[in-house]
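For reference, the structure discussed in these notes is given below.
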Amino acid sequence: VLEVLKDVPGEFVSDVATRNVEQLVQSASVILFVIDFQTRNAMRRLEAIDGIEGICAEGMALRLRTHPTSERLLPAPVMSWTTDPLAVDGVFQALILWCREQRGAPSLPSRLGAWRQFKAFPPGTVRATVRVREVEGAAITSDVDLLDEAGEVVAKLEGCVCTISPSLDRAFHPEAAAQQTVAPTA
């Protein structure tokens, strides 16, 4: 069990260490589209997730990429971020993967309790620990800590509620939605 999740009960899925992000995405059947503003191309990948360290019913641990400036996302002039949107999006991407792996369907964030940022995001990556607090019907409530390499808290997202829905498969799989046939009405 990872040190950063020492307070989370349960065991991690044993094969997570041997699976990379793309394999987890394929097994979870989740595809997100990221737009590269430099090339204006949509890319099918989880841009913000650098690696998944563990996943279990109680949460997950992973590394999220950070990007200190806007140069990859917005046209010039380049500006520095106070809150790194790539890391924040990575939290939501992680929750989609957790919901798909553990609950069988993707999710979208529906409510945020509190965002607390304690210092600037470091360049490179942060470690994210997701602790699932409550599962009530289609609503999953979790808390997420974002930590630097020294294990110090960069930011916390508390009371993040995601709503799970199998209908989101169409949003994450445009090809599947296009292949669905509509029955004629009488």
For the pair L146 and V91, evaluate side chain to side chain contact (heavy atoms under 4.5 Å, CB included) and give the outcome as yes or no after the intermediate values.
-> CA-CA 9 Å; L146 300 171; V91 169; 4.0 Å; yes
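- Of all heavy-atom pairs between G151 and L147, the closest is O-CD2, 3.8 Å.
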Could you give me the CA-CA distance, side-chain angles and deciding distance for E134 and V161, then say whether side chain to side chain contact (heavy atoms under 4.5 Å, CB included) is met?
-> CA-CA 9 Å; E134 182 179 5; V161 178; over 6 Å; no
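- In this structure the side chain of T83 reaches within 4.5 angstrom of the side chain of V88, judged on heavy atoms.
- Without hydrogens or angle criteria, Q117 side chain to T82 main chain gives a donor-acceptor distance under 3.5 Å.
- With hydrogens and angles ignored, the 3.5 Å screen pairs no side-chain donor or acceptor of T66 with any backbone N or O of A87.
- Looking only at side-chain heavy atoms (C-beta outward), I96 and S107 come within less than 4.5 Å of each other.
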Would you please test M60 and Q102 for side chain to side chain contact (heavy atoms under 4.5 Å, CB included) and show each step?
-> CA-CA 11 Å; M60 67 188 300; Q102 298 294 317; over 6 Å; no
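- For the pair D148 and P122, the tightest heavy-atom approach, listed with the atom from each and the gap, is CB-CG, 4.1 Å.
- Remark: side-chain polar atoms of R63 are not paired, donor with acceptor, to backbone N or O of R127 under 3.5 angstrom.
- A 4.5 Å side-chain heavy-atom check between V130 and W98 finds every atom pair outside the cut-off.
- Rounding to the nearest 0.5 Å gives a distance of 9.0 Å between CG of D89 and CD1 of I49.
- One N or O on the side chain of D84 and one on the backbone of H67 form a donor-acceptor pair closer than 3.5 Å.
- D50 contributes no side-chain N or O that, together with a main-chain N or O of L64, makes up a donor-acceptor pair within less than 3.5 Å.
- Counting heavy atoms from C-beta outward, L95 and C160 have side chains that approach closer than 4.5 Å.
- Rounding to the nearest 0.5 angstrom, the gap separating the CZ atom in R65 from the OG1 atom in T125 is 9.5 Å.
- When atom types are taken as modelled, the side chain of W115 and the backbone of E158 share no donor-acceptor pair closer than 3.5 angstrom.
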Should I52 and L97 be marked as a side chain to side chain contact (heavy atoms under 4.5 Å, CB included) after you check the CA-CA gap, both sets of side-chain angles, and the distance that decides it?
-> CA-CA 10 Å; I52 297 171; L97 288 177; 4.0 Å; yes
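- One finds the CD atom of E152 at 13.0 Å from the CG atom of D145 (value rounded to the nearest 0.5 Å).
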